[in-house]
Novice: 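Starting off with a structure, shown below.
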Amino acid sequence: MARILITSALPYINGIKHLGNLVGSQLPADLYARYMRARGHEVMFICATDEHGTPAELAAAKAGQPVADYCAEMHGVQAGLARGFRLSFDHFGRSSSARNHALTQHLAQRLGEAGLIEVVAEKQVYSLADGRFLPDRYIEGTCPNCGYDRARGDQCENCTKQLDPTDLIDPRSAISGSTDLEVRETRHLYLRQKSLRGAISAWIDSQADWPILTTSIAKKWLNDGEGLQDRGITRDLDWGVPAQFEGAPWQGMEGKVFYVWFDAPIEYISATAEWADVHGLGEEAWRRWWRTDEGAADVRYVQFMGKDNVPFHTLSFPATLMGSDEPWKLVDYVKSFNYLNYDGGQFSTSQGRGVFMDQALSILPADYWRWWLLSHAPESGDSEFTWENFQASVNKDLADVLGNFVSRITKFCRAKFGEAVPAGGAWGPREEALLTDLSARVAAYAAHMEAIEVRKAAAELRAIWAAGNEYLQSAAPWAAFKDDPEQAAATTRLAINLIPFYAALSAPFIPDAAGEMLAAMRAEGAGWPGDVRATLSALPPGHGFTVPEVLFRKIADEERAEWQARFAGRR
RNA sequence: GGGCCCGUAGCUCAAUGGUCAGAGCAGAGCGCUCAUAACGCUUAGGUUGGGGGUUCGAGUCCCUCCGGGCCUACCA
């Protein structure tokens with residue numbers, strides 16, 4: 001038994017995430033966690049809301065709430081949606097927790113004592129009307145290059161020129177529109193990543209098996225231009241982890257907080273500590289996952305994230321941990337995903353384009369979405385959601401291939417033998433051939449899951465489902481029943497046994513349906529089919545079952561068309 | 001500007017430099033009647049974006065052009 005630590009990139013607090021966010025980190029992480037648990041490994045699966053930063057403050061202001069209240073409420077909403085999608089976190093924490101405050105400050109202190117933090121004075125734009133410093137992208141004005149009047153302080157969206165906020169003509173606050181801006185000097189802490197470049201580079205180079213998407217992004221940041229740059233890790237905000245605290249090896253940081261990208265990954269660790277707190281466990285319970293000197297040396301740590309998160313997980317966070325000079329567990333495998341597009345364009349939170357997590361669950365149960373999203377995960381390149389494709393996949397894969405299989409064999413058995421596994425007959429060459437085929441497929445499926453090849457695993461699982469239909473068609477128990485009822489009984493007994501077998505294999509993808517299948521077959525204890533032959537005769541003659549409700553309904557053309565129109569834009 | 005990724009059947013995607021480039025869906029034909037009109041079998045469909053090159057051999061490696069996407073460090 002191995003110990004697997006799994007983290008999903010933290011969803012930001014300011015609203016409900018769309019399906020692209022879901023498939024890029026939380027959902028595949030859940031698939032992997034469920035699979036590893038099913039294989040008997042000890043799993044710690046951690047996620048949390050990422051709650052600090054300017055967007056959270058602005059969203060709270062817009063909602064007319066104190067930011068702490070807003071975050072608490074939105075955390076509850078996101079936790080509820082996570083449950084709705086059956087995301088099996090061991091803990092879903094909050095980056096604003098007391099644990100994270102303490103650990104963030106501790107690590108910053110260690111970095112400071114190691115000489116890896118310096119104070120840098122810089123000039124930033126301050127908005128008197130808004131009472132806050134403005135991040136570059138929150139300053140708008142006219143582009144000096146092309147004259148576009150809504151250019152942002154970091155870049156002009158019209159001509160793509162990189163800008164400095166002070167380049168803008170007639171700059172104004174993107175928050176309030178106020179032109180009452182001034183440039184003020186402010187001091188910030190910088191993490192001296194440059195001095196860690198060699199160590200990080202060597203560490204990245206040693207990861208031969210990481211996805212090309214992961215290493216190519218990491219290497220670009222390491223080597224591009226002048227290489228890895230020092231990075232500001234504080235901001236002039238109220239909401240966050242205070243950068244001035246007792247024992248801090250610097251002074252003058254009052255009123256400043258750590259930058260979200262400094263404290264967010266630390267929350268992976270803190271959330272594990274929160275988990276221990278919630279369960280009344282001691283410090284050692286979480287430290288054995290994270291401290292290589294306290295038991296984590298044999299942990300395999302796997303992270304899941306969208307490609308936009310890769311630099312922070314391959315460079316900044318490792319720099320924080322390495323620089324602390326404490327034996328923290330570093331990630332072993334970084335699984336990154338491309339983007340999921342929506343019907344010819346991008347998902348857009350601001351324009352309400354695409355399907356958001358709450359909307360998805362209001363239309364169809366989680367399993368439908370889980371299956372489509374995972375079987376189309378954007379692993380090799382960006383992928384695209386279309387309603388036609390979604391409808392086709394759900395109807396064909398789930399309703400026809402799997403759902404109808406369960407339906408046809410349970411109803412056939414009920415009609416000919418009653419609602420119990422029939423006795424009589426024996427396996428012949430056809431059954432042995434099925435066993436051989438399924439054994440090979442289960443091995444291939446497991447290999448894909450171990451390698452986190454999500455789409456390939458889904459394709460193999462579907463083939464395993466289809467094998468049941470092929471077998472039934474070939475054995476034709478409805479015909480055999482007339483002149484060789486013993487043979488029909490043996491066929492039916494085997495086919496009935498395929499249901500708990502399928503349920504166990506499918507549970508990581510479609511946990512609810514798998515549960516329904518096991519409940520209907522009264523086989524709740526069915527685990528991973530390590531021994532396929534034994535599993536396929538696990539339900540003995542006489543074992544009672546019930547014919548389950550329709551597992552998956554079909555999506556009609558009319559509702560597909562209606563959804564297509566409803567989610568086209570403007571939420 | 002620089003960099004990275006992608007381009008394969010109508011659609012979504014596979015293919016350590018090595019049999020005839022493969023699956024699923026959609027299409028065509030046949031079969032079955034247990035089943036959610038479901039299932040199975042057979043079959044058609046490709047100058048692997050274009051053009052050059054390396055090689056005994058290229059979807060795969062190199063160059064170039066075309067097209068799409070992403071990143072470029074203060075949104076997260």
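Reminder, nothing fancy here: chain letters follow the sequence lines and each chain counts from 1.
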Novice: Between A:F552 and A:K482, who's closer to the 5' end of RNA chain B by nearest nucleotide?
Specialist: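 Looking at RNA chain B, the more 5' nearest nucleotide goes with A:K482.
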Novice: Give the nucleotide from the list B:rA73, B:rU12, B:rC71 with an atom nearest to the side chain of A:K220.
Specialist: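 My answer, after comparing the listed nucleotides, is B:rC71.
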Novice: Evaluate the ring planes of A:F417 and A:F412, with Trp represented by its six-membered ring, and classify them as parallel (under 30°), tilted (30 to 60°) or perpendicular (over 60°).
Specialist: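 A:F417 and A:F412: perpendicular rings.
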Novice: Distance criterion of 3.5 Å, no angle test: do you see the side chain of A:E470 paired donor-to-acceptor with the base of B:rC41?
Specialist: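 Side chain to base: no pair present.
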Novice: Of all the choices, B:rC25, B:rC75, B:rC34, which nucleotide is nearest to the side chain of A:W478 once you look at every atom?
Specialist: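 Closest nucleotide to the A:W478 side chain: B:rC34.
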Novice: Where each residue is assigned the nucleotide of RNA chain B containing its nearest heavy atom, which of A:N469 and A:S375 is assigned the position nearer the 5′ end?
Specialist: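 It is A:S375 whose nearest nucleotide is closer to the 5' end.
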Novice: Indicate, with a heavy-atom threshold strictly under 4.0 Å, whether A:L551 touches base, sugar-phosphate, or nothing.
Specialist: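 Base, at least one base heavy atom under 4.0 Å.
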Novice: Going by an N to O cut-off under 4.0 Å, is there a salt bridge joining A:R553 and A:E559?
Specialist: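 Yes, this pair counts.
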Novice: So, OP1 or OP2 of B:rA38: does either fall under 4.0 Å of a side-chain N or O from A:K396?
Specialist: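 Result: no.
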Novice: Heavy atoms from C-beta onward define the side chain here; which of B:rA73, B:rU72, B:rA15 lies closest to that of A:L228?
Specialist: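 Per side-chain heavy atoms of A:L228, the pick is B:rA73.
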Novice: What nucleotide, of B:rU36, B:rC75, B:rU72, holds the atom closest to the side chain of A:P55?
Specialist: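 Among the listed nucleotides, the one closest to the side chain of A:P55 is B:rC75.
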Novice: Among B:rC74, B:rG2, B:rA35, which is the nearest nucleotide to the side chain of A:Y259?
Specialist: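 That would be B:rC74.
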Novice: Do A:Q391 and A:D557 get their side chains close enough for a donor-acceptor pair, meaning under 3.5 Å?
Specialist: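 Indeed, the side chains of A:Q391 and A:D557 share at least one donor-acceptor pair under 3.5 Å.
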Novice: Checking only heavy atoms, does the side chain of A:E122 share a donor-acceptor pair with the base of B:rC74 at less than 3.5 Å?
Specialist: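 For A:E122, whose side chain was compared with the base of B:rC74, there is a donor-acceptor pair (under 3.5 Å).
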Novice: When you check the phosphate oxygens OP1 and OP2 of B:rU36, does a side-chain N or O of A:K411 lie under 4.0 Å from one of them?
Specialist: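 For B:rU36, OP1/OP2 do have a side-chain N/O of A:K411 under 4.0 Å.
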Novice: Under a 3.5 Å cut-off for both distances, is B:rG24 Watson-Crick or wobble paired, and to whom?
Specialist: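 Pair assignment: B:rG24 / B:rC11.
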Novice: Could you tell me how the ring of A:F390 sits relative to the ring of A:W369: parallel (under 30°), tilted (30 to 60°) or perpendicular (over 60°)?
Specialist: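 Parallel: the ring planes of A:F390 and A:W369 meet at under 30°.
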Novice: At 4.0 Å (heavy atoms only), tell me whether A:K307 reaches a base, stays on the sugar-phosphate, or touches nothing.
Specialist: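 If one applies the 4.0 Å heavy-atom cut-off, A:K307 turns out to touch the sugar-phosphate alone, with no base involved.
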Novice: Measure from CD1 on A:I217 to C1' on B:rC5 and round the result to the nearest Å.
Specialist: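 Taking CD1 of A:I217 and C1' of B:rC5, I get 9 Å after rounding.
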Novice: Side chain of A:Y138 only, please: which of B:rC25, B:rC74, B:rC75 is the nearest?
Specialist: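 Looking only at side-chain atoms, A:Y138 lies closest to B:rC75.
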Novice: Using the P atoms only, state how far B:rC11 lies from B:rC71, rounded to an integer number of Å.
Specialist: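 The answer is 26 Å between these two P atoms.
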Novice: My understanding is that a pair needs two contacts under 3.5 Å, Watson-Crick or G-U wobble. By that rule, which nucleotide pairs with B:rA76?
Specialist: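 Pairing partner, where one exists within any strand: none, as none qualifies.
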Novice: Whom does B:rC39 pair with, Watson-Crick or G-U wobble, provided both distances fall under 3.5 Å?
Specialist: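 The base-pairing partner of B:rC39, which may sit in any strand shown, is B:rG31.
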Novice: Between A:F337 and A:F304, how do the two ring planes meet: parallel, tilted or perpendicular, split at 30° and 60°?
Specialist: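 A:F337 vs A:F304 ring planes: parallel.
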